[in-house]
Amino acid sequence: MRTTDDGADAVAELRAGRWVRAAELFTALTAETDDPHAHEGLAQAAWWLDDAATALGAREAAYRGFRAAGDDRGAARAAAALGYDSMLFGAGVAVGRGWLARSSDLLGERVDVPEVGWLSVRRAEVALNVDHDAAVALGHATNAREVGRATADADLVVVAAALAGFAHVRLGDVDAGMALLDSAAAAATAGDVDDLMWMGKICCWLISACQETHDLGRASDWCARVEEICLRRDLAPLFAVCRTQYASVLHASGDSRGAESTLVEVLAGLERSRRLSRLDAVSQLGEVRRRQGRLVEAEQLLGQAGYLPSALTSLAQLRLDEGDPSRAWSTVAELLRRIPTTQLLDRVDALAVAVPAALASGHELEARGAADELRRIADRVATSAITAHADAAEARMSGPGDDVPLWQDAVRRFHVAGLVFDEADARLELAEALHHGGDDAGAREEKARALAVLAPLRARADRSDAGPLTGRQVEVIRLIARGLNNSEIAAELQVSEHTVHRHVANIYTALDLGSRAAAAAYAVGHGLGRGAP
């Protein structure tokens with residue numbers, strides 16, 4: 001960053017990560033000189049302090065100052081930064097696109113200056129995070145990398161390589177993408193990227209890619225590395241994002257308590273933040289609450305997260321948990337219509353929910369299509385986690401007897417991937433398949449192993465005065481107490497047998513029970529049995 005000699009101390013404070021002092025010095029400098037470079041510095045300091053109003057205001061002041069000085073490159077740089085930050089801080093996507101277009105207008109047909117590459121970087125960010133179009137993002141990132149090499153801008157080369165890696169991952173080229181991301185993150189965290197903001201973004205892209213591929217080991221390693229840097233350099237916004245991503249790793253690997261406390265802490269710190277990244281933490285906490293059986297809280301949180309794909313996927317699963325497969329299918333089908341079929345990893349989690357939701361709501365053709373698409377993605381990406389989801393989907397589509405080996409494969413692959421809760425869910429399904437095949441001993445063993453994981457999750461959750469069961473679960477346990485089997489309960493409640501099976505499994509988990517007899521005894525003992533109101 002260039003500025004006047006009087007601003008050397010402010011620049012030094014900014015590069016050292018001393019944001020408050022840097023903001024003070026840049027504020028004083030702007031009052032004295034109105035130097036647009038000083039406004040740029042103030043915007044960067046305010047960005048780290050999560051001061052949206054100051055950051056956006058300073059960037060606009062920088063833009064005006066560069067325009068007044070006839071510096072179109074500087075104005076284009078400020079406009080490009082405003083383009084993405086307007087979206088980041090909730091000023092509006094249309095506003096952001098307007099600033100990106102203005103930056104392009106100012107640069108015209110030039111290809112020989114770094115600002116052209118940085119505009120491509122911002123466009124790649126928008127394509128990935130707003131438009132969810134990895135193919136377009138890859139094109140912008142590739143262009144940015146070429147400009148960086150041609151103009152000898154080392155930061156631009158590394159940032160563009162990381163963005164290209166993230167785009168490759170989302171397009172299903174996981175090995176190639178992760179190689180680019182690992183290399184870029186190593187360079188960034190070693191100090192090869194001068195701007196701490198871009199260092200932080202590179203790390204976030206890498207950890208996000210790990211989340212999307214369910215690569216828990218790599219995510220855990222990089223989270224630890226980034227957290228150490230955040231604490232040492234006081235990188236609060238990056239720390240919040242990293243902690244949110246780390247919570248996802250904790251939850252997926254079975255540490256629901258750690259995930260919950262981390263997310264609550266993050267949200268407390270972001271209470272006044274306008275960053276849209278706050279919604280990621282809200283969505284993740286909603287999924288934790290769903291797993292805990294706190295469905296009312298879960299739905300409230302997921303509703304706050306709006307149209308985030310992760311939130312809609314969790315909401316569809318929650319509606320399945322509540323015994324409302326029609327709404328579950330409607331939610332996930334709408335989501336899948338929004339996600340381009342080229343965005344392979346973006347579609348995996350939604351497809352995994354779409355199969356049971358479609359089956360339970362009578363959309364067998366759509367269920368088959370979702371299962372087939374999952375298998376095609378698994379064949380291309382070939383990770384244990386995604387292949388396990390494909391196995392589970394195929395098992396749901398298979399007849400009695402044929403589903404057992406597929407559920408066994410799913411259990412094994414979820415275990416290899418370290419996805420503890422997914423493994424437990426698959427074990428419950430395997431137990432049901434074994435029971436239908438006459439292997440009651442095997443069924444009891446699989447159910448016990450699943451409940452050993454799931455029961456403590458519910459037991460740790462805070463219980464409301466209404467008790468641990470939802471209204472629909474109360475209806476199901478009353479019918480169990482009357483001696484009805486799953487098929488009879490399905491007919492009584494006018495839902496699918498699969499939905500009843502899920503309710504029974506969730507009742508066992510919520511109450512830490514292991515059999516229908518125990519559930520019936522619980523119902524009678526708590527006034528929910530025969531003759532209960």
Side-chain angles (χ1 to χ4, degrees), residues 132 279-280 282-339 346-371 373-374 389 392-393 396-397 421-422 425 428-429 432 454 458 461 464 466 468-479 486-487 489-507 509-510:
H132 302 287
L279 297 181
D280 291 329
V282 172
S283 175
Q284 284 196 41
L285 186 57
E287 172 61 11
V288 170
R289 292 286 185 257
R290 184 192 72 79
R291 280 285 187 182
Q292 292 173 331
R294 298 160 67 173
L295 302 187
V296 173
E297 293 176 62
E299 186 156 12
Q300 291 171 345
L301 288 164
L302 295 172
Q304 291 176 35
Y307 287 96
L308 281 183
S310 60
L312 290 174
T313 300
S314 291
L315 186 60
Q317 185 60 63
L318 183 148
R319 286 169 175 166
L320 272 180
D321 295 342
E322 291 178 326
D324 193 346
S326 294
R327 290 183 71 205
W329 168 244
S330 176
T331 299
V332 75
E334 179 187 0
L335 174 59
L336 285 169
R337 285 194 296 271
R338 285 173 39 205
I339 304 174
D346 281 349
R347 292 178 67 84
V348 167
D349 289 343
L351 287 167
V353 178
V355 174
L359 280 175
S361 57
H363 297 278
E364 294 188 9
L365 186 62
E366 289 83 352
R368 168 48 62 191
E373 184 180 351
L374 258 178
H389 281 302
R396 296 184 194 281
M397 301 302 303
F421 294 133
D422 291 300
D425 286 341
L428 288 175
E429 299 286 359
E432 188 73 10
L454 296 175
R458 298 293 178 87
S464 67
L469 301 182
T470 66
R472 180 63 88 175
Q473 289 168 353
V474 168
E475 291 180 292
V476 170
I477 199 171
R478 282 174 172 163
L479 295 174
N486 284 3
S487 177
I489 293 173
E492 179 83 12
L493 299 179
Q494 296 184 328
V495 298
S496 71
E497 188 172 349
H498 174 80
T499 297
V500 174
H501 165 62
R502 296 297 305 166
H503 280 312
V504 172
N506 288 333
I507 289 168
T509 300

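What you see is a predicted model, and the numbers here were worked out from it, not measured in a lab.
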Atom pair CG/CG of Leu315 and Leu335 - distance to nearest 0.5 Å: 10.5 Å

Residues in side-chain contact (heavy atoms from CB on, under 4.5 Å) contact with Arg327, at least two apart in sequence or another chain: Glu299, Arg319, Asp324

Counterpart residues, side chain to side chain donor-acceptor pair (under 3.5 Å), relative to Arg338 (two or more places apart): none

From CG (Leu320) to NE2 (His503), nearest 0.5 Å: 9.0 Å

Test salt bridge (Lys or Arg N to Asp or Glu O under 4.0 Å) applied to Glu475 - qualifying residues, sequence neighbours left out: Arg472

Min side-chain heavy-atom separation Gln317-Thr313 under 4.5 Å: no

Least distance between heavy atoms, Leu336 atom then Ala350 atom: CD2-CB, 3.7 Å

Close side-chain approach of Leu312 to Glu334, heavy-atom, < 4.5 Å: no

Reported CG-to-CG distance for the pair Leu295 and Leu318, which is rounded to 0.5 angstrom: 5.0 Å

Qualifying residues under side chain to side chain donor-acceptor pair (under 3.5 Å), relative to Asp346, sequence neighbours excluded: none

Non-neighbouring partners of Glu429 that pass side chain to side chain donor-acceptor pair (under 3.5 Å), sequence neighbours left out: Arg396, His501, Arg502

Contacts of type salt bridge (Lys or Arg N to Asp or Glu O under 4.0 Å), residue Glu373, not counting sequence neighbours: Arg347

Acceptor/donor pairs from residues 351-361 side chains to any protein atom, 3.5 angstrom cut, sequence neighbours excluded:
residue	atom	partner	partner atom	Å
Ser361	OG	Ala357	O	2.7
Ser361	OG	Ala358	O	3.3

Candidate pair Leu493 and Leu479, rule side-chain contact (heavy atoms from CB on, under 4.5 Å), full reasoning: CA-CA 10 Å; Leu493 299 179; Leu479 295 174; 3.9 Å; yes

Qualifying residue, where the test is salt bridge (charged side-chain N to carboxylate O under 4.0 Å, His left out) with Asp321 and the options are Arg290, Arg291, Arg289: Arg290

Counterpart residues, salt bridge (Lys or Arg N to Asp or Glu O under 4.0 Å), relative to Asp349 (two or more places apart): none

Straight-line distance of Glu364 CD to Arg368 CZ, nearest 0.5 Å: 10.0 Å

Side chain to side chain donor-acceptor pair (under 3.5 Å) involving Asp422 - partner list, sequence neighbours excluded: none

Those residues that, when tested against Ala392, pass side-chain contact (heavy atoms from CB on, under 4.5 Å) (two or more places apart): Trp407, Ala410

Pair listing, ring pair (Phe, Tyr, Trp, His ring centres under 6.0 Å) test, anchored in residues 285-319, at least two apart: none

Euclidean distance, Asn506 CG relative to Leu454 CG, rounded to 0.5 Å: 8.5 Å

Qualifying residues under side-chain contact (heavy atoms from CB on, under 4.5 Å), relative to Ser314, sequence neighbours excluded: Glu287, Leu302

Rounded distance (nearest 0.5 Å) linking atom CD of Gln300 with atom CG of Leu285: 11.5 Å

